[in-house]
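No hydrogens, no waters, no symmetry mates; every other heavy atom, side chains included, goes into these values. Fair warning: this is a prediction, and the values are worked out from it, not measured in the lab. Order of listing sets the numbers, starting from 1, for every ligand and every atom in it.
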Amino acid sequence: MNEPLFNGAGRDCGKPLLRPGNTNCGGCGMSLGLQMLRRALGNHQIQMVIPACCAAVAAGSYPYSAIGAPVVLSTFASSAAVASGLANVARLNDEPTRVICWAGDGGSYDIGLATLSAAAERNEDILYICYDNEIYGNTGGQRSSATPIGAVTTNTGGGKVEQKKDLLAIMAAHGIPYAATVSIAHPDDCLRKLRTALDTRGFRFLHLLAPCPTGWKSEPAQGVELVRLAVQCGLFPVVEIVGGDQLSINVEPDFSATALERYLALQGRFRKAALDPSQLQTAIARHWRGLRLRAAVNDASHATH
Ligand SMILES: Cc1ncc(C[n+]2csc(CCOP(=O)(O)OP(=O)(O)O)c2C)c(N)n1
Ligand code: SF4
């Protein structure tokens, strides 16, 4: 049994990273994210660290894991620290293994943020992927700091009052080699970024919007459409940031009010609250002003070199 548990051959080894019969709900965006990751793996051998979350339930207990890779299940607070340890062992043993932290928004935006920030500051050789379903899904759908304004969760009955935290900007502020958002509705851009992140060394951070039919009260078949609408209306910017400050916009939204309205209408979590879409449009416009400024600085610095 010397064969590694997961060793992709070519661009798609055919072995699932998320095996059939797993515990994820039908239509789970995180499942699609894992499938995209498998397609991107190529020849990379991987080890995964997964803190408490829906993906940890899918990983289960060895040898019954539904994840087709070696996985260390960690506490929230330690996941990036555990991944740092694994990455350093791989480095000392001269192994090419890529260490991937696969964590939800609760584990990334909130409970594991201290070690995530510390590992980024040390520029540990980790690929950290936050699949963001905008709630604590595994414990019944409580709010996180990634939950958007207006969304009803099990502890924001009238709709969340606060805006979503901008974790991508926080991670980029560490000056890490690579940070990007990935859209499962834009597979070419998504695969390119996953491969770039796998091939880059040092700390890499990817933020993947992961529709959660259970928490979002949406149709399981509409996850990709929801992400497409979120990108189109500007709610989920598709960008990448190299070296902490070189920001590129990868997909141009059209900021269509119709797309935003349809995005909200397709999800029960927004229907139950009296959300004024103009609150979201104001937040979108403010966020995009900042992104455009940073992208312009990047364009200008390229023009002068
Ligand atoms: C320190 C700590 N607090 C709370 C919990 C209970 N808990 C387990 S999973 C979970 C939700 C995780 O949410 P997220 O990271 O967004 O992943 P998701 O469940 O949505 O996949 C919580 C609160 C825990 N395991 N450890
Ligand atoms: S609760 Fe949401 S994130 Fe968790 S497995 Fe179900 S659909 Fe996926």
Check each heavy atom of Phe76 against ligand 1 and say whether those closer than 4.0 Å belong to the side chain, the backbone, both or neither.
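Answer for Phe76: side chain.
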
Using a 4.0 Å heavy-atom cut-off, say whether Thr75 meets ligand 1 through its side chain, its backbone, both or neither.
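Neither; no heavy atom under 4.0 Å.
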
Closest protein heavy atom to [atom], given as residue, atom name and distance to 0.1 Å:
atom: atom 9 (S) of ligand 1; answer: Asn138 ND2, 3.3 Å
atom: atom 17 (O) of ligand 1; answer: Cys53 CB, 3.2 Å
atom: atom 13 (O) of ligand 1; answer: Tyr136 CA, 3.4 Å
atom: atom 15 (O) of ligand 1; answer: Gly107 N, 2.8 Å
atom: atom 7 (N) of ligand 1; answer: Thr139 CG2, 3.5 Å
atom: atom 21 (O) of ligand 1; answer: Tyr131 OH, 2.5 Å

Side chains of Asn250 and His186 in contact at under 4.5 Å (non-hydrogen atoms):
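Not touching, per the 4.5 Å side-chain cut-off.
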
Are Lys165 and Asp110 close enough that some pair of their side-chain heavy atoms sits under 4.5 Å apart?
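Yes; the side chains approach each other to less than 4.5 Å.
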
Side chains of [X] and [Y], donor plus acceptor under 3.5 Å:
X: Arg19; Y: Asn22; value: no
X: Ser108; Y: Tyr128; value: yes
X: Gln35; Y: Arg39; value: no
X: Ser84; Y: Arg122; value: yes

Atoms in ligand 2 flagged as close to [X], the criterion being non-hydrogen separation under 4.0 Å:
X: Pro213; answer: 7 (S)
X: Asn133; answer: 3 (S)
X: Thr214; answer: 6 (Fe), 7 (S)
X: Cys212; answer: 1 (S), 2 (Fe), 3 (S), 7 (S)
X: Cys54; answer: 1 (S), 3 (S), 4 (Fe), 5 (S)
X: Cys25; answer: 1 (S), 5 (S), 6 (Fe), 7 (S)

Got a salt bridge between [X] and [Y], using NZ or NE/NH1/NH2 to carboxylate O under 4.0 Å?
X: Arg192; Y: Glu240; answer: yes
X: Asp105; Y: Lys164; answer: no
X: Arg98; Y: Asp125; answer: no

Passing candidate, side-chain contact (heavy atoms from CB on, under 4.5 Å) with Gln142, options Asn155, Thr156, Thr147
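Only match with Gln142 under side-chain contact (heavy atoms from CB on, under 4.5 Å): Asn155.
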
Ring centre gap for Phe236 and His207 strictly below 6.0 Å
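Here the rings of His207 and Phe236 have centres that are less than 6.0 Å from each other.
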
For the aromatic rings, using the six-membered ring if either is Trp, is the centroid distance between Phe255 and Trp288 under 6.0 Å?
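When the ring centroids of Phe255 and Trp288 are compared, they turn out to be within the sub-6.0 Å range.
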
For the 3.5 Å polar cut-off, considering only N or O atoms, please tell me whether Gly106 and ligand 1 meet it.
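Looking only at distances, the answer is yes, because the N/O contact criterion of under 3.5 Å is met.
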
Counting only nitrogen or oxygen atoms and a 3.5 angstrom limit, does Ala55 reach ligand 1?
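No.
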
From the options Ala56, Ala52, Gly141, select the one whose nearest heavy atom is closest to atom 8 (C) of ligand 1.
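Nearest heavy atom to atom 8 (C) of ligand 1 lies in Ala52.
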
Please confirm whether Gly215 comes under 4.0 Å of ligand 2, counting heavy atoms of the residue only.
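It does not, in that no heavy atom of Gly215 comes within the 4.0 Å cut-off of ligand 2.
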
Whether Cys28 has an N, O or S atom under 2.8 Å from atom 6 (Fe) of ligand 2
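Coordinating: no.
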
Run the numbers for me: atoms of ligand 1, each under 4.0 Å from some heavy atom of Gly137, listed by number.
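Contacts of ligand 1 toward Gly137, numbered from 1: 18 (P), 19 (O), 20 (O).
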
